[in-house]
Amino acid sequence: MYLLYSLRLAIQSLWREKWINVLSVLTIAAGLFMIALTFFGVYNIDLATKKLPERFSVMLYLNDGLQEQEIDGIVTALKKNSSIEMVRFISKNKAMEELRTVLKNADYVLEGIDENPLPASIEVKLKQALVSVSGVKNLASDFRKIKGIEEVEYGEQFLHSIYSIKTGANTISLLLIVIMSAGVIFVCYSTVKIVFYRRKDEIETFKLLGATRGFIRAPFVIEGGILGVGGGVTAMAGALVFNYFLLHKLAATMPVFKIIVFPSEIFVSLPLVGFMLGILGTLIALGRIRFY
Amino acid sequence: MIHFNDVSKFYENNAALRNVTFSIEKGEMAFVTGPSGSGKSTLLKIIYFSEKPDQGSVNIAGWELSKLKESSIPFLRRNIGVVFQDFRLLDNRNVFDNVAMTLRIRGIDEEEVKDRVMDALKIVNLRHKSDSFPRMLSGGEQQRIVIARAIVGEPTILLADEPTGNLDADTAAGIARMFKDINAKGTTVFVATHNKELYRNTGRRILRLDSGNLAGEELS
């Protein structure tokens, strides 16, 4: 009964202050759309960095003159290591062969070299979950202790850069999300505060007639929730348009955009996020209702 | 029903009430009178928990004001019907909705709201004005709507602050009769007024306030 009446009051108020409310919905939508874009960015950076470890490997260069038995011993020991996904032995000849393939038409640079200067090596691919800056560093240090291994090489700088980019992007995104969320809360706060002051006399009368805090708050909370959901739905529409025109249309002409993904969870959660931020803004705006 | 014991109320350094002590019994009808600024409205505001006294103790319908939690105030206010000096009618709602507000706040079923509002409007003879808006009514009619709103919740105490302020003598007499009828049904009625006609020859108790002091008590 009480909630139905509160809903009626909320709808009446939304209609009475329709222009303020339309502006608020649009502002909330802009904030939520930017939050969605930030999530979209983080999601794609995360996706890209997740794919990189698949290609990541550590090269173990062997001492010259190792016997086949010794090499087999090293390979077997590596295969037993639970952190390692794949082990591939590359002989001196194979290394030269691969170099010639890489150089293709420029293999003239190898002319005049009588003796194969390349060392035999073992390529080690690590399990994806273990590819982290510190994890790889520790493993490399363990590999160096193995007898017969002269040098260990892994793209330390490359790995470091990837993780720095990921951490940086996450931090900036988190900051942006917090700022945008605070903005959405502030818009709801301001709108409800304006409406509250416009209805101050009416609320005072309600209090004198015996209205509880819940009865006074309910229409405003509903109104804040509706504003938030309205903003969320509008932002969702914006995100869908963005997804369709920018990604689908652009991907058709520029295939590089095909790797970019717009996760559907973002679309679905926008009205819910709007609703929660709207209610939070309203509750802050209403504060503690006093009866004296 | 209403007990004030040595109650004082100050606004900054000015005393609105000073060491006021009195009691109104259950089912009694009494008046408080005095010139403008004597503290009549402050006294009523303390009774309906709109102001807190700075000194002394107040007991309303068994509730000690100093021990009252703020969250209990709405429930206690529902036992008190108030006829406000400034009416406090909502201009954007019609007469029915203004009166119904008292019941809707309590979560009463809409069917019952309709019956009780129409009964209250019948008592004040304004049933035919239920769809009108307050600004379309005369001062006397607005005052009767306020009375209907005050009694629709069947309060145990009815307070009225200058209920005949700007009304002509005939309308004022009609309102005085209305209070008498409401009191006859068992409601405690306490009226703040400086209109002598309202209490003359009623045989009721009159409290006289002067500059916040209770200057005297007599029977009219």
Side-chain angles (χ1 to χ4, degrees), chain A residues 1-22 191-227 282-292, chain B residues 9 44-54 65-66 68-93 97-113 134 146 148-155 157 159 161:
Chain A
M1 213 47 240
Y2 170 135
L3 269 178
L4 271 178
Y5 187 66
S6 299
L7 183 67
R8 213 174 93 187
L9 286 182
I11 292 167
Q12 278 173 359
S13 169
L14 280 167
W15 181 248
R16 257 204 311 266
E17 311 287 350
K18 50 185 170 296
W19 295 117
I20 292 177
N21 291 322
V22 166
T191 312
V192 169
K193 207 82 178 166
I194 291 168
V195 176
F196 190 84
Y197 274 108
R198 286 200 182 177
R199 289 176 53 198
K200 211 173 173 209
D201 286 345
E202 186 181 319
I203 290 159
E204 208 48 49
T205 305
F206 284 180
K207 282 189 207 171
L208 292 170
L209 294 179
T212 57
R213 287 182 174 127
F215 182 89
I216 295 164
R217 281 194 183 115
F220 292 101
V221 172
I222 294 170
E223 199 172 333
I226 292 174
L227 287 178
T282 306
L283 291 176
I284 296 170
L286 294 176
R288 193 171 148 76
I289 290 168
R290 307 304 305 251
F291 289 105
Y292 282 115
Chain B
K9 175 73 188 172
L44 292 195
K45 280 178 181 172
I46 290 174
I47 299 174
Y48 62 79
F49 315 103
S50 189
E51 293 282 2
K52 256 183 178 176
D54 294 314
L65 206 63
S66 58
L68 209 60
K69 275 188 189 169
E70 209 180 325
S71 56
S72 322
I73 289 175
F75 302 99
L76 298 175
R77 280 184 180 161
R78 292 175 189 183
N79 291 315
I80 303 170
V82 187
V83 178
F84 300 101
Q85 190 173 11
D86 55 356
F87 299 167
R88 288 194 167 273
L89 288 170
L90 306 175
D91 289 334
N92 56 358
R93 286 179 174 78
D97 283 338
N98 264 285
V99 179
M101 188 59 65
T102 310
L103 303 175
R104 284 174 176 154
I105 276 168
R106 300 169 194 201
I108 291 171
D109 177 64
E110 205 58 28
E111 278 298 307
E112 192 184 335
V113 167
V146 179
R149 186 180 64 187
I151 61 171
V152 74
E154 294 168 359
I157 301 171
L159 303 177
D161 193 0

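Below, read A as the first sequence line, B as the second, and so on, with proteins coming before strands; counting in each chain starts at 1.
Both the backbone and the side chain of B:E70 come within contact range of chain A, judged by heavy atoms closer than 4.5 Å. For chain B, no part of A:R199 is nearby; none of its heavy atoms comes within less than 4.5 Å. Both the backbone and the side chain of A:F206 come within contact range of chain B, each with at least one heavy atom under 4.5 Å from a heavy atom of that chain.
Among residues 218-225 of chain A, no residue has any heavy atom closer than 4.5 Å to a heavy atom of chain B. For a heavy-atom cut-off of 4.5 Å, chain B lies close to A:R288, A:I289, A:R290, A:F291 in residues 283-291 of chain A.
Although no hydrogens or angles enter the test, the distance criterion places no donor-acceptor pair under 3.5 Å between the side chain of B:R77 and the main chain of A:L209.
The neighbour count for A:K18 NZ, taken as heavy atoms of other residues, nucleotides or ligands under 6.0 Å away, is above 12. Within a 6.0 Å sphere centred on CZ of A:R16, other residues, nucleotides and ligands contribute more than 12 heavy atoms.
In this structure, the separation between NZ on A:K207 and CZ on B:F49 is 15.5 Å, given to the nearest 0.5 Å.
With chain A as partner, the option from B:V82, B:L76, B:N92 having the largest number of non-hydrogen pairs under 4.5 angstrom is B:N92. Chain B forms the most heavy-atom pairs under 4.5 Å with one residue out of A:I216, A:L208, A:D201, and that residue is A:L208.
Considering only heavy atoms from C-beta on, A:T212 comes within 4.5 Å of B:F75 through its side chain. Two residues are said to be in side-chain contact when any heavy atoms from C-beta on lie closer than 4.5 Å; B:D91 and A:E202 fail this criterion.
Using a cut-off of 4.0 Å between Lys/Arg side-chain N and Asp/Glu carboxylate O, A:E204 and B:R88 are scored as not salt-bridged.
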> What's the verdict on side-chain contact (heavy atoms from CB on, under 4.5 Å) for A:T205 and B:R149, showing C-alpha distance, side-chain angles and the deciding distance?
Replying inline: CA-CA 11 Å; A:T205 305; B:R149 186 180 64 187; 3.8 Å; yes
